[in-house]
Amino acid sequence: MPTDAVGRFLAALDPDHREAIGAEPREEQERLAAAWERELEADDELDTLDELSPPAAEAEAARRVLERELG
């Protein structure tokens, strides 16, 4: 399991997005991973989901970030 933010963010993505974001420059990956971490920290709804299923909470946060950041 990856321990750095970018690796954890990429692991939370669905396979198609993982491949696409993995092809982006490292700076873009780091920007999106930072937004993902902020989403995880800021959303109380994700805290509840995280208690039930951490991977599901991470995947939902990743989906939200991609939707917001990439349109």
Side-chain angles (χ1 to χ4, degrees):
M1 169 155 250
T3 57
D4 72 311
V6 171
R8 289 179 36 243
F9 172 64
L10 290 173
L13 295 171
D14 64 76
D16 291 336
H17 286 113
R18 185 177 308 124
E19 184 176 329
I21 300 301
E24 293 289 326
R26 181 69 180 189
E27 295 79 21
E28 178 66 3
Q29 293 175 8
E30 289 171 351
R31 183 184 75 78
L32 292 170
W36 173 72
E37 287 187 317
R38 287 190 303 275
E39 183 75 20
L40 284 170
E41 291 171 4
D43 192 307
D44 292 338
E45 182 181 302
L46 290 175
D47 286 343
T48 302
L49 181 58
D50 188 51
E51 291 178 14
L52 300 172
S53 175
E58 291 181 350
E60 175 61 16
R63 184 194 66 74
R64 292 178 185 182
V65 165
L66 290 183
E67 186 176 283
R68 182 178 60 244
E69 300 289 327
L70 303 179

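Throughout, numbering of the chain's residues begins at 1 and tracks the sequence.
Residues Glu39 and Ala61 come closest through the heavy atom pair CG-CB, 3.9 Å. In terms of heavy atoms, Arg26 sits closest to Asp4 at NH2-OD2, 3.3 Å. The minimum heavy-atom distance between Ala62 and Leu13, with the atom names listed, is CB-CD2, 3.6 Å. Closest non-hydrogen pair, Arg68 versus Ala35, comes out as NH2-O, 4.3 Å.
Around CD of Glu19, the count of heavy atoms belonging to other residues, nucleotides or ligands within 6.0 Å does not exceed 12.
Using modelled atom types, one side-chain atom of Gln29 and one backbone atom of Ile21 make a donor-acceptor pair closer than 3.5 Å. For Glu30 (side chain) and Val6 (main-chain N/O), no donor-acceptor pair under 3.5 Å exists by modelled atom type. Using a distance-only test at 3.5 Å, with no hydrogens or angles considered, a donor-acceptor pair links the side chain of Trp36 to the main chain of Glu58.
Side-chain contact between Phe9 and Leu66 is present, with heavy atoms from C-beta onward closer than 4.5 Å. At a threshold of 4.5 Å between non-hydrogen side-chain atoms, the residues Arg63 and His17 do not count as touching. No side-chain heavy atom of Arg31 sits under 4.5 Å from any side-chain heavy atom of Glu27.
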